[in-house]
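Worth saying up front: this structure is predicted, and the values here are computed from it rather than measured.
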Amino acid sequence: MAAPLLLAACAAPQTSRLLSEGAAPAPGQIAQVPFIPQAELQCGPAATAMVLQFHGKAVTAEALAPQMMLPAAGGSLQIELQAAARRAGMLATLLPPRLPALLDEVAAGQPVIVLQNLSLPALPRWHYAVVIGHNAARREITLHSGTTPNLIMKLDTFEHTWARSGYWALAITPPGQLPRTATQEQAGLAASALERTDAQAAATAYRALLARWPDDLVALMGLGNLAWKSGDRAAAAEHWQRATTAHPKAADAWNNLAQARLALGDRAGALLAARKAVEIGGARSGVYAATLGRVAGTR
């Protein structure tokens with residue numbers, strides 16, 4: 001997807017703000033990121049393979065391409081890069097759409113895939129590149145891009161191309177290693193999406209979430225769900241109990257806790273939890289009422 005660069009030379013807002021505030025991170029470069037030349041329309045598989053190989057995954061762009069390429073789209077959509085990472089048992093987390101977050105992530109040793117428009121907004125030429133280094137003080141950023149390894153681009157120019165994608169940036173990491181700059185919401189979304197592909201990896205990601213945010217509702221619910229599916233009713237009840245304690249208005253947590261308590265033979269506890277879910281209500285109030293009816297009818 002690489003294309004000629006057609007850009008104005010004006011300063012970019014996030015770059016200017018970052019430097020004016022004196023908040024630029026120390027310069028650095030990740031030397032171990034493999035370089036894979038990006039064939040025409042295959043920058044998505046190549047960028048994904050570079051980061052997966054960096055993390056020790058034995059994948060190639062050629063192997064990923066049939067899974068990711070959408071001929072009608074002229075390449076790979078962002079969701080396909082995330083799905084490919086999850087199929088490899090990795091966490092695919094969207095980063096905040098801010099230049100400082102991108103630079104901080106790279107400074108922490110994590111290569112980041114970005115989506116750029118290397119042409120004009122009206123005639124987009126979309127391209128995935130891997131950010132591997134930067135020297136913000138010199139207004140420079142380093143990418144593996146197209147057929148050029150270690151491409152140095154002016155930071156203002158980069159920001160203009162990156163802004164046209166809404167500042168889309170993707171960190172692919174082992175499930176137990178949350179991106180440094182990930183928000184709690186995006187980390188939770190990444191972990192729950194991984195659960196649909198690799199339950200064991202998702203459990204690792206959920207535990208990493210709890211290590212950073214001890215009361216994270218997504219992680220507590222997710223670990224409860226995984227325990228329930230594995231037949232460990234006691235562990236499921238423990239996770240959902242923690243969820244209701246930390247989030248007393250989480251009706252789903254109360255509803256699940258009711259089912260776990262019932263399975264453990266605690267009808268009184270199940271009835272209490274089911275009634276609490278019904279009391280809170282919400283879009284799934286019919287489900288909660290059905291659970292209450294089932295618990296109340298148990299003898």
Problem set entry | Between Asp104 and Thr181, a side-chain donor and acceptor under 3.5 Å | no
Exercise. Strictly by modelled atom types, are Arg180 and Gln110 linked by a side-chain donor-acceptor pair under 3.5 Å?
Worked result: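 Side-chain D/A pair, Arg180 to Gln110: absent.
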For this session: Given side-chain contact (heavy atoms from CB on, under 4.5 Å), test Asp252 with Tyr288 step by step and report yes or no.
Result: CA-CA 8 Å; Asp252 278 350; Tyr288 310 147; 2.5 Å; yes
For this session: Could you walk me through whether Glu195 and Lys229 pass salt bridge (charged side-chain N to carboxylate O under 4.0 Å, His left out), step by step?
Result: CA-CA 12 Å; Glu195 183 180 337; Lys229 290 175 183 176; 3.5 Å; yes
Exercise. With sequence neighbours left out, what residues match His134 under ring-ring contact (aromatic ring centres under 6.0 Å, His included)?
Worked result: none
For this session: Let me see the working for Leu99 and Leu155 under side-chain contact (heavy atoms from CB on, under 4.5 Å), right down to the final yes or no.
Result: CA-CA 10 Å; Leu99 184 62; Leu155 197 53; 4.1 Å; yes
For this session: May I ask you to check whether over 12 heavy atoms, not counting those of Leu264, lie within 6.0 Å of atom CG?
Result: yes
Is there a donor-acceptor pair closer than 3.5 Å between any side-chain N or O of [X] and the backbone N or O of [Y]?
X      : Y      : answer
Asp156 : Ala12  : yes
Tyr128 : Leu81  : no
Gln38  : Thr148 : no
Trp254 : Pro248 : yes

Exercise. With under 30° as parallel and over 60° as perpendicular, where do the rings of Trp228 and Trp240 fit, or are they tilted in between?
Worked result: tilted
Problem set entry | Verdict with reasoning, Val112 to Leu170, per side-chain contact (heavy atoms from CB on, under 4.5 Å) | CA-CA 6 Å; Val112 178; Leu170 177 69; 5.7 Å; no
Problem set entry | Spacing of NZ belonging to Lys249 relative to OG1 belonging to Thr244, to within rounding of 0.5 Å | 12.5 Å
